[in-house]
Number of protein chains: 2
Amino acid sequence: MKKNIETELVGVKEIARRAEVAIATVDRVLNNRKGVSAKTKEKILGIIKELDYKPNIMARRLASNKTLKFAVLIPKVSEETDYWKAPLEGVKNAASEIKDYGIIVDIYFFDQNNKLTFSTEAVKILEKDYQGVILAPMFEEESISFIQKCYIKNIPYVFINSDIDEQNSLCYIGPNLYQSGYLAGHLISYLISEKQKILLVNISKEIDPHHHLLRKEEGFRAYFNVNHKENDLIKIDIKETDYLSVKQKIAEVLTQTSIDIIFVTNSRVSSVARYLEETGQSHIKLIGYDFLEENINYLKKNVIDFLICQKPQEQGYKGIMALYNFLVNSSAVDKQNYMPIDIITKENYKFYKN
Amino acid sequence: MKKNIETELVGVKEIARRAEVAIATVDRVLNNRKGVSAKTKEKILGIIKELDYKPNIMARRLASNKTLKFAVLIPKVSEETDYWKAPLEGVKNAASEIKDYGIIVDIYFFDQNNKLTFSTEAVKILEKDYQGVILAPMFEEESISFIQKCYIKNIPYVFINSDIDEQNSLCYIGPNLYQSGYLAGHLISYLISEKQKILLVNISKEIDPHHHLLRKEEGFRAYFNVNHKENDLIKIDIKETDYLSVKQKIAEVLTQTSIDIIFVTNSRVSSVARYLEETGQSHIKLIGYDFLEENINYLKKNVIDFLICQKPQEQGYKGIMALYNFLVNSSAVDKQNYMPIDIITKENYKFYKN
DNA sequence: CTGAAAGCGCTTACAG
DNA sequence: CTGAAAGCGCTTACAG
């Protein structure tokens, strides 16, 4: 029971003393609650400003003793790619960091090959009582339907990994997909000469007209338009994501046309790499996405030339933290938080932090 | 005065009740203080384990009400380069993040062109009462003298930006300098052909035999040895760091020998870039270090081809956090924390986070 | 070796 | 609209 000797230290007590009111009244002003006369409020506000008082966060949290619950809705790690391991990791790290501050994080998984599972999980979330939601809004229609319900219930939501504009989300944390595609275009322009042919490949079961992969494609195409590059560009969508289907589709194109470079718009580049390696065509240049073990292996073997990575773990981490800062610290949150566009090669992958 | 309804929630009170002792005794066991009989201690430990009790960090900090002071000793931003702005920024960010937890961070600056200033500041730090120190041990002899005194006083110290082995530091946070030079070697091998000539340049007033720049040089040379590259390598140390001196020294070499690529081992690459630009020799390839405005400008203009960056801001941030985690959370700290080796080009600098 | 009680700086019912 | 007091989950002297 050491007493606070530094009496000049400012707290609610000191403010109350100076304002000649009770501590509770100071607290009301501090937390912007009503039930304080304008006059008293003004007086207290003045003293707060004068003393440059900053509340003690720990004391506040300890006393308020309340618990916030966040729900996370992201794809489960699929058979074709374990990309989503990383955001999940980030979410877990953030969760354990703020656990002591009374935040509980529940994670819900959907199957990115099945829109229905998204909606099913969304319903589960709505049934419970969450104060905040983080989601990967992979399916536009289903996502909008979900977040509109959140909006009505006044629950803030954060988009990660891909964005939907104009949907009143608290913020977006993830790549600038268009720019990411644009950069891929630029990289590729280094690797090929004027007349060489490019094959662009989207591999995803669900590719509706709003699918986020298409934004990378737009950026990619834009690069060639803006810079007046005349390379032939062939594009295919592969909606069956198992290896055999990918193999078959790619083989089809490659037998018909001579392709010099392939750009795969997501982490499933390893399927294409596998095909190229198996058929001894690894002279065809290959660019794709994401720091996954399989991809790195093909990078090491020179089958994949570049991988573009966008800090998936950080996306999960920052998603939770954005909600936390907004809800608990009521601090301002950046509406857009774009990840860096990292270029991974055989040379620097060892030091990369995903 | 809401009461805790979830009585199953575990706290010291509950542990004390079960162990039939006072809360103070539980606290003694929890904090490993003496004055508890072996028998009681064992009993309490058993209950703690059984209940999987985790102390509430906020309550602990609030109650203990103590303040820790950290000292940071880093170079001041110099005229030749503002590299050190970034670590400073990181230190400040970390400091403001943990200010509420009773951590005070004082920053001391030395002149990296003057060893004496290092020692002077070190003395100032030792005179005060710090619980932890973060330093850039740029001058080996002076640094060792300083940290030995810290060691005696039982003050933990963290090295950032460059390391000194076997000095009982709490940890090192910064680049793997050798690997960083090695990577530069690899990059350069892409840019030149067999017989072309390389100029390696160290620009620093103080280059004693232990200077950290020399480790980059070692790594760089190692790349060429290991890979049996036979390129000629000329090396110069420039100890006068103003532009005119750099210009003169470089000019001297370039008039005598035909050089194809220049590798500058630190952020002062912009001086060389300026010279190359002014003399219309920007066809000579140039590689250097650090994401500084001046460097980026030369990158944009194709005078600099690559910049290697190693998250200087993060170094400062993590330095503080390492001390904090060790001292406050008594959590384990990684002995070595190597930064990624980022390759910055004209194409991706816009999205880089320093 | 052990315990009762005050205190850290806030918030929360409750009474007026 | 305002205040007195208990409480959040710990730690800290102090008394025994």
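Everything quoted here is computed from the prediction, not taken from an experiment. In what follows, chains carry the letters A, B, and so on, assigned in the order in which the sequence lines appear, proteins first and then strands, with residues in each chain numbered from 1.
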In whole Å, I'd like the distance from the [atom1] atom of [X] to the [atom2] atom of [N].
X	N	atom1	atom2	value
A/Leu62	C/dT12	CG	C1'	13 Å
B/Arg17	C/dT2	CZ	C1'	19 Å
A/Tyr101	C/dC10	OH	P	16 Å
A/Arg33	D/dT2	CZ	C1'	14 Å
B/Asn65	C/dC8	CG	P	7 Å
B/Lys13	C/dG3	NZ	P	17 Å
B/Ile23	D/dA13	CD1	P	17 Å
B/Asn56	C/dC10	CG	P	17 Å

Side-chain donor-acceptor pair under 3.5 Å between [X] and [Y], yes or no?
X	Y	result
A/Asn161	A/Tyr83	yes
B/Thr117	B/Thr120	no
A/Glu97	A/Tyr317	yes
B/Asp165	B/Tyr172	no

Using a cut-off of strictly less than 4.0 Å, decide whether [X] has a side-chain nitrogen or oxygen near OP1 or OP2 of [N].
X	N	answer
A/Tyr53	C/dC10	yes
B/Thr25	C/dT2	no
B/Thr40	C/dC1	no

Original post:
How would you label the contact of B/Leu30 with the nucleic acid (heavy atoms, under 4.0 Å): base, sugar-phosphate, or nothing?
Top reply: nothing
Original post:
Under a 3.5 Å cut-off for both distances, is C/dT2 Watson-Crick or wobble paired, and to whom?
Top reply: D/dA15
Subject >> Position toward the 5' end of DNA chain C (nearest nucleotide), B/Ala63 or B/Glu20 >> reply: B/Glu20
Subject >> Pairwise 5' ranking along DNA chain D for B/Pro55 and A/Ser37, keeping only the more 5' one >> reply: A/Ser37
Original post:
Counting side-chain heavy atoms from CB outward, which of D/dT12, C/dC10, D/dG9 is closest to B/Lys66?
Top reply: D/dT12
Original post:
Side chain of A/Arg28: nearest nucleotide among C/dC10, C/dC14, C/dT12?
Top reply: C/dC14
**OP:** Can you establish whether the number of heavy atoms outside B/Asn168 located under 6.0 Å from its atom CG is more than 12?
**Re:** yes
**OP:** Kindly say whether, by distance alone, the side chain of A/Arg61 makes a donor-acceptor pair under 3.5 Å with the base of C/dG9?
**Re:**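 No such pair is found, so the answer is no.
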